[in-house]
Amino acid sequence: MRRVITYGTYDVLHYGHINLLKRAKMFGDYLIVSLSTDEFNMLKNKKSYYNYEQRKFILEACRYVDLVIPENNWEQKIGDIKKYQADVFVMGDDWEGKFDFLKKYCEVIYLPRTKNVSSTLTKAYLSNL
Ligand code: C2G
């Protein structure tokens with residue numbers, strides 16, 4: 001069983017997120033999403049529309065996702081990779097190079113972001129309706 005792990009806020013889930021999750025899943029058989037908690041989002045200066053439980057509930061309905069765990073801090077990735085025996089770490093390429101230190105523990109893959117879609121754009125559009 002090849003396990004893939006990825007991290008993110010995944011607020012207002014959109015096709016860019018799904019496209020990332022779908023491609024990430026193709027690198028293994030089991031996809032773990034470490035979902036930023038509301039507290040960690042504050043550290044990332046991100047305010048999510050949906051809270052952690054709601055974002056977790058939505059992600060768990062995604063066919064590509066096998067497990068959702070909380071992302072509480074920047075430091076947990078190595079421990080997560082060991083604890084969940086992740087073989088592959090996948091992120092969008094807006095993070096290109098930022099997580100290369102994980103290469104000691106697993107494969108690190110950065111995938112091209114999906115253009116012209118983001119939670120911020122979606123929220124901005126909705127707030128102008
Ligand atoms: N993403 C994408 N295309 C988009 C938007 C997002 O491929 N149009 C990807 C991002 O690159 C990321 C994932 O979808 O891999 C989740 O995006 P965010 O929720 O914005 O995640 P982020 O805030 O970057 O959190 O420890 C890492 C952080 O938690 C990453």
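Order of listing sets the numbers, starting from 1, for every ligand and every atom in it. Residues: numbered from 1 along the sequence shown. For the numbers below, each heavy atom of this structure counts, side chains included, while hydrogens, waters and symmetry mates do not. All values reported here derive from a predicted model rather than from experimental measurement.
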Open item on the list: Can you work out which protein residues put a heavy atom within less than 4.0 Å of ligand 1?
Closed with: Tyr7, Gly8, Thr9, Tyr10, His14, Gly16, His17, Leu20, Ser36, Lys44, Lys46, Glu71, Trp74, Lys77, Met91, Gly92, Asp94, Trp95, Arg113, Thr114, Val117

Task: Those residues that, when tested against Glu107, pass side-chain hydrogen bond (donor to acceptor under 3.5 Å, both in side chains) (two or more places apart) - done: Arg2

Open item on the list: I'd like to know if Arg113 pairs up with Asp94 as an ion pair, taking the criterion as any Lys NZ or Arg NE/NH1/NH2 lying under 4.0 Å from an Asp or Glu carboxylate oxygen.
Closed with: yes

Task: Min side-chain heavy-atom separation Cys62-Ile18 under 4.5 Å - done: yes

- [ ] Find out if a path of hydrophobic residues (ILVMFWY) with successive side-chain heavy-atom gaps under 4.5 Å connects Val68 to Tyr64.
- [x] yes

Open item on the list: Tell me whether Arg55 is salt-bridged to Asp38, with the criterion being a basic N under 4.0 Å from an acidic carboxylate O.
Closed with: yes

TODO: Answer yes or no: is there a donor N or O on one side and an acceptor on the other, between the side chain of Glu71 and the main chain of Thr6, under 3.5 Å?
DONE: no

